[in-house]
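Since we're looking at a predicted model, the values are computed, not measured. Every number for a ligand or one of its atoms is a count from 1 in the order of the listing.
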Amino acid sequence: MKIVVLTGAGISAESGLATFRDADGLWEGHDPMRVATPEAFAAEPDLVHRFYDQRRARLARVEPNAAHRALARLEASVGDDLLVVTQNVDDLHERAGSERVHHMHGRLRSAWCVACGERHDWEETLGDRPPCPACGSASLRPDVVWFGEIPYGMDAVEEALWECDLFVAIGTSGQVYPAAAFVHWARHDTLELNLDASSTSSDFAQARRGPATELVPAWVDELLGSA
Ligand code: BV8
């Protein structure tokens with residue numbers, strides 16, 4: 001059975017990473033949806049760098065949770081039949097042991113040089129304008145997809161959704177496209193695992209409510225017949 005799992009901020013909430021809807025959705029009083037834009041980066045690069053430098057620093061202080069680990073366990077059992085497509089820019093799936101993870105909105109721990117186009121694994125800050133390790137120019141930006149930009153690897157994602165027998169959405173509010181449309185691109189069975197109802201809950205064949213650290217291990221046990 002081929003499975004595509006879409007994850008959102010809700011799967012990392014119990015690891016201590018704020019979702020976009022938490023804190024009435026504001027960061028330092030700014031709407032993240034406004035900070036996460038090329039326009040904001042052009043107008044206020046220091047503000048945007050601070051937003052991502054803080055989140056990158058926070059990432060070093062959190063750990064994967066039981067939901068991330070359950071998906072890694074599922075991958076260990078079904079191998080290439082599972083693809084995790086995440087909207088999250090954190091690396092908790094990989095730190096839990098998942099290898100088949102596609103970051104459609106980019107990664108916090110990666111810097112992209114807009115001068116030479118090179119990408120670099122990056123753990124530190126970008127606000128102090130460090131030079132690009134390849135070309136030396138101070139043109140590094142967070143390697144994340146901002147609103148109005150094209151998500152990464154959409155052709156492969158579209159094909160995987162077309163091919164899959166089961167599409168599962170975990171911890172996402174279904175408010176950001178094209179991820180929110182995936183349930184319509186999947187042709188067969190669909191399941192939503194989420195704390196609250198999302199904007200697309202009614203489009204799923206089945207929806208279960210609860211925290212990811214409970215729902216995801218239970219679903220994986222059920223799938224692997226170890227329930
Ligand atoms: C694009 C990276 C063209 C940066 C992000 C169609 C209609 C309307 C608008 C559009 C449209 N098409 C495009 C748009 C514009 C825009 C968009 O969708 N705007 C919205 C606001 C209306 N989309 C774009 O600009 C995209 N680009 O469309 O290009 C294109 C399209 C197709 C093919 C080719 C080209 C680019 C969008 C990417 C922006 N970058 N992130 C960063 O992270 O800073 S988006 C960012 O916000 C996240 O990555 C994520 O995608 C989104 C947040 O959503 P969620 O992850 O779902 O998190 P949220 O907080 O909302 O919800 C959490 C959920 O978890 C809740 O439901 C809650 O109940 C649940 N939960 C909480 N705790 C738990 C839990 N569940 C379980 N357990 C828990 N413990």
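Atom 64 (C) of ligand 1 has its nearest heavy-atom neighbour, among Pro142, Gly171, Ala67, Ala13, in Gly171. If you check each of Glu149, Gln175, His105 against atom 48 (C) of ligand 1, the one with the closest non-hydrogen atom is His105. Comparing heavy-atom distances from atom 54 (O) of ligand 1 across Ala181, Ser173, Gly8 singles out Ser173 as nearest. Summarising the contacts of atom 23 (N) of ligand 1 with Phe20, Tyr52, Tyr177, the nearest heavy atom is found in Tyr177.
Counting non-hydrogen atoms of other residues, nucleotides and ligands closer than 6.0 Å to CD of Glu149 gives a total above 12.
Which parts of ligand 1 touch Ile150 is read off a 4.0 Å heavy-atom cut-off, strictly below it: atoms 34 (C), 35 (C). Taking every non-hydrogen atom of Ala212 and a distance limit under 4.0 Å, the qualifying atoms of ligand 1 come out as 77 (C), 78 (N), 79 (C). The ligand atoms of ligand 1 that sit less than 4.0 angstrom from a heavy atom of Thr172 are 55 (P), 57 (O), 64 (C), 65 (O), 67 (O). The contact set between ligand 1 and Gly148, taken as ligand atoms under 4.0 Å from a residue heavy atom, comprises 24 (C), 25 (O). Near Pro211, the atoms of ligand 1 lying under 4.0 angstrom from a non-hydrogen atom of the residue are 78 (N). The distance from ligand 1 to the heavy atoms of Arg55 drops below 4.0 Å at these ligand atoms: 42 (C), 43 (O), 44 (O). Counting atoms of ligand 1 from 1 in the listed order, those under 4.0 Å from a heavy atom of Ala9 are 55 (P), 56 (O), 58 (O). Listed by atom number, the atoms of ligand 1 under 4.0 Å from Glu14 heavy atoms are 78 (N), 79 (C), 80 (N).
The minimum heavy-atom distance linking Asp81 with Met1 is given by the pair CB-O, 3.4 Å. Contact between Leu161 and Phe167 at its shortest, heavy atoms only, is CD2-CD1, 3.5 Å. Heavy-atom minimum distance, Ser110 versus Arg119: OG-CB, 4.3 Å.
Judged purely by distance below 3.5 Å, without hydrogens or angles, the side chains of Gln54 and His49 never pair a donor atom with an acceptor atom. Checked by atom type, the side-chain pair Ser201/Arg209 shows a donor-acceptor distance below 3.5 Å. Checking Thr200 against His184 by side-chain atom types alone, no donor-acceptor pair falls below 3.5 Å. Side-chain contact annotation: Ser15 with Asn65, donor-acceptor N/O pair under 3.5 Å present. Counting only N and O atoms by type, the side chains of Gln87 and Thr172 include a donor and acceptor under 3.5 Å apart.
The proximity of Gln87 to ligand 1, defined as any non-hydrogen pair under 4.0 Å, involves the side chain as well as the backbone. At a heavy-atom distance under 4.0 Å, no atom of Ala179 approaches ligand 1.
For a threshold of 3.5 Å applied to N or O pairs, the pair formed by Leu195 and ligand 1 contains at least one separation below that value. Of the N or O atoms in Ala197, none lie within a sub-3.5 Å distance of an N or O in ligand 1. In terms of N/O distances under 3.5 Å, ligand 1 is not approached by Trp146. Considering both main-chain and side-chain atoms, Phe51 never comes within under 3.5 Å of ligand 1 through any nitrogen or oxygen pair. For ligand 1, the polar-atom distance check against Asn88 finds no nitrogen or oxygen pair separated by under 3.5 Å.
Exactly one residue among Asp91, Asp143, Asp121 makes a salt bridge (charged side-chain N to carboxylate O under 4.0 Å, His left out) with Arg107. That residue is Asp121. Just one of Arg50, Arg56, Arg55 meets the side chain to side chain donor-acceptor pair (under 3.5 Å) condition when paired with Asp53; it is Arg56.
Heavy-atom separations between Pro151 and ligand 1 include at least one value shorter than 4.0 Å. Heavy-atom separations between Ser198 and ligand 1 are all 4.0 Å or longer. Put simply, no part of Met104 is less than 4.0 Å from ligand 1, judged by heavy atoms.
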Problem set entry | Trace of the side chain to side chain donor-acceptor pair (under 3.5 Å) decision for Glu192 with Ser198 | CA-CA 9 Å; Glu192 183 185 63; Ser198 74; 2.5 Å; yes
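Atom CG of Asn88 is separated from atom CG of Leu17 by 8.5 Å, given to the nearest 0.5 angstrom.
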